[in-house]
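Here the structure comes first, spelled out in structure tokens, and everything after it is commentary.
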Amino acid sequence: MTDKPTISCCICDAPLAPPYAILGQRAYCAHHFALVNKPHVGFWRAGVVQIIATGLLSALVAFLAGLLGPLEGTPLLVVGLVLAVVPSIIWMIFFYQQDRLEPEPKHRIAAVFLLALLLADVIGRRLVDEWFHVRVWASADTFTSLAAAILIVGVTWQAIAYIAVRLLVYATPEFDERMDGIVYGTVAGLGVATLINLRYVLDNGGVALAPGVINVVTASLAHASFGGLMGYFMAEAKFTHRPAWWVPLGFALAAGLNGLFTWLIGEVSAAGLSVDYWRSLLLGLGVALAAFFTLVGLMRRSTEVTLRQSGRPL
């Protein structure tokens, strides 16, 4: 008489006894079943603070730029480099202040951020600018520029964010709740955005303060939002039973939004022969808020489904 196969927790491999906590055809121990849907107040608060603080910062810098007049040379370059990393610093500092009770491992957060930044420079920037030479031909007409923005730029940047999360944390014990996908996806997006911002400043030898801060803010908010959205799909695939096309769908959605945003920024900022950077800022804030509240809704829906399956009160 053969023994029945032992059912183990899909996270920690601990043997389980009935009644089993099942989610999406996967079994969990009591500890990890509670973690899968644990609300992550620190992340949501950090997200709101980042959106508001970077928006206010950009408005303040743009206002001061009008009073101080143009900077030149080294002072302009130094200020530009500082502004390029400020959005990421704001998010990470506030996130850890809110996440003291059960923080994500700092070394994992740093590793994902740095790997995404390095891959964006070593691979992403070279693919977009030196291999495909997107800037040379993509502006030929509207369809061409939109296709290039989505199929080359959006796919490249989103692939880098995906690789950073997949290689460093996805299969580790630290990735043990749904929110981890959104957290690490956001961090990877910020790594990509930081590299884009740094290259934007360095390639231009420093940038005018008003357009410079608005550019770095919109890039940071957008890439963080798309990374978080992709991370949600990755977490759902890990913690619930999803079809094989689920993660590719999430990646395609994030990459498409990434490319569409890149294209729209160029379109809406143009005002005749001049450039209206405030339109870019408003678009960036709007996209970030839309993605943020979409994630809130998705997480709430996932939690309600899990509680309903477990028979717990909603």
Side-chain angles (χ1 to χ4, degrees), residues 40 42-58 83-96 98-99 104 108-117 119-120 124 153-154 156-165 168-169 179-200 213-235 250-251 253-262 264-265 280-296 298-299:
H40 210 310
F43 175 85
W44 303 124
R45 289 177 179 172
V48 171
V49 167
Q50 185 203 29
I51 293 172
I52 295 175
T54 51
L56 293 175
L57 174 66
S58 62
L83 292 176
V85 300
V86 161
S88 298
I89 293 174
I90 289 175
W91 188 89
M92 290 186 183
I93 290 176
F94 196 85
F95 174 73
Y96 270 108
Q98 296 296 311
D99 200 37
E104 299 296 332
R108 293 287 185 186
I109 292 284
V112 170
F113 177 84
L114 291 174
L115 180 59
L117 188 152
L119 289 176
V153 180
T156 297
W157 296 135
Q158 211 57 53
I160 288 170
Y162 173 82
I163 291 171
V165 176
L168 293 181
V169 294
M179 276 303 307
D180 286 344
I182 299 177
V183 170
Y184 288 114
T186 297
V187 171
L190 286 172
V192 171
T194 300
L195 184 278
I196 293 173
N197 290 336
L198 288 172
R199 294 309 313 182
Y200 171 70
V213 69
I214 291 174
N215 269 284
V216 301
V217 164
T218 53
S220 297
L221 292 178
H223 284 279
S225 301
F226 304 141
L229 182 62
M230 180 190 68
Y232 166 82
F233 279 84
M234 295 177 70
F251 175 84
L253 177 61
L257 291 173
N258 194 318
L260 180 62
F261 175 82
T262 300
L264 283 174
I265 281 291
S280 297
L281 176 61
L282 292 175
L283 176 62
L285 291 174
V287 168
L289 286 170
F292 182 80
F293 287 112
T294 298
L295 288 174
V296 171
L298 290 172
M299 284 300 300

Query - Trace of the side-chain contact (heavy atoms from CB on, under 4.5 Å) decision for Ile109 with Val183 - result: CA-CA 9 Å; Ile109 292 284; Val183 170; 3.9 Å; yes

Report task. For the pair Leu257 and Leu229, evaluate side-chain contact (heavy atoms from CB on, under 4.5 Å) and give the outcome as yes or no after the intermediate values. Result -> CA-CA 10 Å; Leu257 291 173; Leu229 182 62; 3.8 Å; yes

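Between Tyr184 and Val165 the shortest heavy-atom distance is O-CG2, 3.5 Å. The shortest heavy-atom contact between Ala224 and Leu190 is CB-CD2, 3.8 Å. Of all the heavy atoms in Gly181 and Ala235, the pair that sits closest is CA-CB, 4.0 Å. When every heavy atom of Ala116 is checked against every heavy atom of Ala188, the shortest pair comes out as CB-O, 3.4 Å. Annotation for Ser88 and Phe113: closest pair OG-CE1, 3.8 Å, computed over non-hydrogen atoms. The two residues Thr194 and Val85 come nearest to each other via the heavy atoms CG2-CG1, 3.8 Å.
The CZ atom of Arg199 sits 12.0 Å away from the CG atom of Asn197 when rounded to the nearest 0.5 Å. Expressed to the nearest 0.5 Å, how far CG of Asn258 lies from CH2 of Trp157 amounts to 9.5 Å. Separating the CE atom in Met230 from the OG1 atom in Thr186 is a distance of 9.5 Å, to the nearest 0.5 Å. Put simply, CG on Leu253 and OH on Tyr232 are 11.5 Å apart, with the number rounded to the nearest 0.5 Å. One distance of note links CG of Leu168 with CD1 of Ile163; it measures 11.0 Å at 0.5 Å rounding. Between atom NE2 of residue His223 and atom CZ of residue Phe261 there is a gap of 7.5 Å, rounded to the nearest 0.5 Å.
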